[in-house]
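Below is one structure; the comments refer to it alone.
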Amino acid sequence: MTLLRGPALSEAFDQGSGAYDRLVAASPGYHAHLRRSARRLGLPDGGAGMRVLDLGCGTGASTEALLAAAPLARITGVDASAGMLERAAAKPRLTHVEFVHAPVEELAVRLAPGSFDAVFAGYLFRNLQDPDAALRLVRRLLVPSGRLAVHEYALGGSPVHRAVWNAVCAAIIRPAGRLTGDARLYRHLQDSVNTFDTAPEFAGRLRRAGFRDVRALPLPGWETGITHTFVGRAREES
């Protein structure tokens, strides 16, 4: 299998951006699960006075989830796809959000260390060429003890979880992608989940990258054992 990476993946998301919101809206629990993961950041006082990075914000579904959880936070959304960002910036609820068009790999020179109190990343890390380097970057962008929540397809490790994922892809996700002309993107979605870390493996990545109090939390419904929220805090420098 050949996964899409870098500019090829951004191009595929640009092409698929027009139909993306309609497709995810048809997924049971999609927006509710993002909101649950955003709440798991545990930002106090509605996020008042806090700077939050929405990393891989796409069309803004994760940004809207963050706003529901922390309406008083100052949110910056970053994505490598110009087409997805255009959709996000056009949403009336997100007009006060700052959006930045950049791949994760460029943020080290564009954002200062300690720029954010919290980082949220939805459906991002399995799409990266080097997730370990990205996690180290996130650790650098956070203040000491800053909060991280990752909402990601990461299979629980049971053969049943993998079988359910592939059955859903075969029956729903890939046919929908073909109907919208985005077959390549949704084939990548299936394959990227199958080749990515299990939930325990990704939790281990977080710890090695400098995060403490790491937990992998399940989500309800058909995505149980398929999608998790990973939470942790940046370790203070010793």
Side-chain angles (χ1 to χ4, degrees), residues 1 3-6 9 13 24 27 29-30 33-42 52-58 61-62 65-66 69 78-80 103-105 107-108 116 118-142 145-166 168-169 173 188-235:
M1 67 184 68
L3 296 177
L4 299 172
R5 296 296 188 211
L9 182 57
F13 274 118
V24 299
S27 174
Y30 183 92
H33 291 170
L34 279 172
R35 290 192 296 269
R36 183 184 292 246
S37 289
R39 289 194 299 272
R40 285 169 169 173
L41 271 172
V52 181
L53 176 63
D54 185 9
L55 194 57
C57 64
S62 54
L66 279 172
V78 173
D79 203 273
V104 171
E105 295 80 5
L107 296 182
F116 296 98
V119 173
F120 186 78
Y123 303 116
L124 172 73
F125 281 96
R126 64 186 163 76
N127 289 318
L128 299 178
Q129 187 70 42
D130 191 344
D132 292 317
L135 284 170
R136 291 192 295 270
L137 170 63
V138 169
R139 167 67 187 84
R140 175 179 173 272
L141 293 176
L142 282 166
S145 297
R147 303 166 189 244
L148 171 66
V150 175
H151 178 95
E152 186 58 274
Y153 292 118
L155 301 176
S158 166
V160 173
H161 301 150
R162 189 172 300 274
V164 170
W165 169 247
N166 286 306
V168 169
C169 286
I173 293 175
H188 164 85
L189 170 60
Q190 179 178 4
D191 292 344
S192 67
V193 175
N194 281 322
T195 57
F196 190 56
D197 296 346
T198 63
E201 288 169 345
F202 188 67
R205 278 191 196 265
L206 288 169
R207 296 184 183 99
R208 292 192 299 273
F211 292 90
R212 61 176 174 85
D213 303 331
V214 173
R215 292 180 294 158
L217 305 172
L219 289 157
W222 76 268
E223 292 191 75
T224 300
I226 295 172
T227 310
H228 292 79
T229 316
F230 300 87
V231 295
R233 285 179 174 262
R235 289 198 194 106

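Along the sequence shown, residues carry numbers from 1.
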Assess, by modelled atom type and distance only, whether the side chains of Ser145 and Arg212 contain a donor and an acceptor separated by less than 3.5 Å. yes
Distance, nearest 0.5 Å, that separates CG of Asp197 from CZ of Phe230: 8.0 Å
Please tell me if the side chains of Ile226 and Val168 come closer than 4.5 Å, counting only heavy atoms from C-beta onward. no
Search all heavy atoms of His228 against all heavy atoms of Pro218 and return the closest pair with its distance. CD2-CA, 4.0 Å
Quick one: does Leu128's side chain get under 4.5 Å of Glu105's, heavy atoms only? yes
Arg36 vs Leu219 side-chain heavy atoms within contact, under 4.5 Å: yes
Distance check, rounded to the nearest 0.5 Å: Leu189 atom CG versus Ile173 atom CD1? 5.0 Å
For the residue pair Val24 and Tyr30, what are the closest heavy atoms and their distance? O-CB, 3.4 Å
Would you please indicate if the ring centroids of Phe196 and Phe125 are separated by under 6.0 Å? no
With rounding to the nearest 0.5 Å, note down the distance linking CZ in Phe211 to CZ in Arg235. 9.5 Å
Looking only at atom types and distance, does a side-chain atom of Arg126 sit under 3.5 Å from a main-chain N or O of Asn194, one as donor and one as acceptor? no
Leu135 vs Arg205 side-chain heavy atoms within contact, under 4.5 Å: yes
Main chain of Gly58, side chain of Asp79: is a donor-acceptor contact present, judged purely on distance under 3.5 Å? yes
Under 3.5 Å donor-acceptor, Arg5 side chain and Asn127 backbone: yes
Close side-chain approach of Leu55 and Phe116, heavy atoms under 4.5 Å: no
Heavy atoms of other groups near Glu201 CD, more than 12 under 6.0 Å: yes
Of all heavy-atom pairs linking Val214 and Arg207, the shortest is O-NH2, 3.4 Å
In terms of heavy-atom contacts, Ala134 and Val104 come closest through CB-CG1, 3.9 Å
Any chance you could measure Leu206, atom CG, to Asp213, atom CG, to the nearest 0.5 Å? 12.0 Å
Using the test side chain to side chain donor-acceptor pair (under 3.5 Å), find all partners of Tyr123 that sit at least two apart in sequence or belong to another chain. His151
Set of residues satisfying side-chain contact (heavy atoms from CB on, under 4.5 Å) with respect to Ala118, sequence neighbours excluded: Leu41, Leu43, Val52, Arg147
From CG (Asp54) to OG (Ser62), nearest 0.5 Å: 3.5 Å
Smallest heavy-atom separation, Leu124 atom then Glu152 atom, equals N-OE2, 3.0 Å
side-chain contact (heavy atoms from CB on, under 4.5 Å) partners for Ser158, two or more places apart: Val160, His161
Which heavy atom of Pro103 sits nearest to which heavy atom of Ala80, and what is that distance? CA-CB, 3.8 Å
Between Phe13 and Leu4, is any pair of side-chain heavy atoms under 4.5 Å apart? no
Do Arg136 and Arg140 make a side-chain contact, defined as non-hydrogen atoms from C-beta onward lying under 4.5 Å apart? no
To the nearest 0.5 Å, how far apart are NE2 in His33 and OG1 in Thr227? 7.5 Å
